[in-house]
Amino acid sequence: MDLPITAHVHRDGKWFVAFCPEFPEANGQGESQPECLESLKSSIELLLEDRREDSKTKLPSNAELVELS
């Protein structure tokens, strides 16, 4: 599965700020565009990890999870 994830990057003073339309809760910032994008990627990873753990607590105890690659 190869889904593109995009970023909207803009400059705010000396900082670059990025938002992700696919994950509105995620954002990143940095003094360079590459640093900003790495910050955004980390934010998305943390968000997905949190969502994954939260969703697992709502499953029945006998639920079988199958990993999608």
Side-chain angles (χ1 to χ4, degrees):
M1 188 178 316
D2 189 19
L3 299 172
I5 298 175
T6 59
H8 171 244
V9 183
H10 69 276
R11 192 165 196 129
D12 186 6
K14 76 173 197 167
W15 294 96
F16 286 88
V17 180
F19 298 94
C20 180
E22 295 86 3
F23 297 94
E25 306 94 327
N27 61 74
Q29 65 182 20
E31 292 184 358
S32 68
Q33 186 166 329
E35 183 180 320
C36 176
L37 293 174
E38 282 304 313
S39 173
L40 178 60
K41 288 178 189 178
S42 294
S43 178
I44 292 169
E45 288 173 353
L46 287 171
L47 181 64
L48 288 173
E49 186 177 304
D50 182 60
R51 285 183 180 175
R52 178 182 296 121
E53 292 307 313
D54 187 44
S55 67
K56 285 181 181 179
T57 64
K58 297 174 184 170
L59 292 173
S61 60
N62 63 344
E64 180 183 348
L65 297 175
V66 179
E67 187 173 326
L68 300 175
S69 299

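FYI, side chains are in, hydrogens and waters are out, and symmetry mates aren't considered; it's all heavy atoms of this structure. Counting begins at 1 with the first residue of the sequence.
- Although no hydrogens or angles enter the test, the distance criterion places no donor-acceptor pair under 3.5 Å between the side chain of Arg51 and the main chain of Glu53.
- Separation of atoms CZ (Phe23) and OG1 (Thr6) is listed at 10.0 Å; rounding is to 0.5 Å.
- Looking at Gln33 and Leu37, their side chains come closer than 4.5 Å, going by heavy atoms from C-beta outward.
- How far CD of Gln29 is from CZ of Phe19: 9.0 Å, rounded to the nearest 0.5 Å.
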Side-chain donor/acceptor pairs under 3.5 Å, residues 42-50, sequence neighbours excluded:
residue: Ser42; atom: OG; partner: Glu38; partner atom: O; Å: 3.2
residue: Ser43; atom: OG; partner: Asn27; partner atom: N; Å: 3.4
residue: Ser43; atom: OG; partner: Asn27; partner atom: O; Å: 3.4

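- Across all their heavy atoms, Cys36 and Phe16 have their closest contact at SG-O, 3.4 Å.
- Across all their heavy atoms, Asp54 and Thr57 have their closest contact at O-OG1, 2.6 Å.
- For the pair Leu3 and Glu22, the minimum side-chain heavy-atom distance is 4.5 Å or more.
- Lys14 and Arg11 get closest at one heavy-atom pair: O-NH2, 3.9 Å.
- By the 4.5 Å heavy-atom criterion applied to side chains, Glu31 and Trp15 are counted as neighbours.
- Counting heavy atoms from C-beta on, the side chains of Leu40 and Val9 never come closer than 4.5 Å.
- Contact between Gly30 and Glu35 at its shortest, heavy atoms only, is CA-OE2, 3.5 Å.
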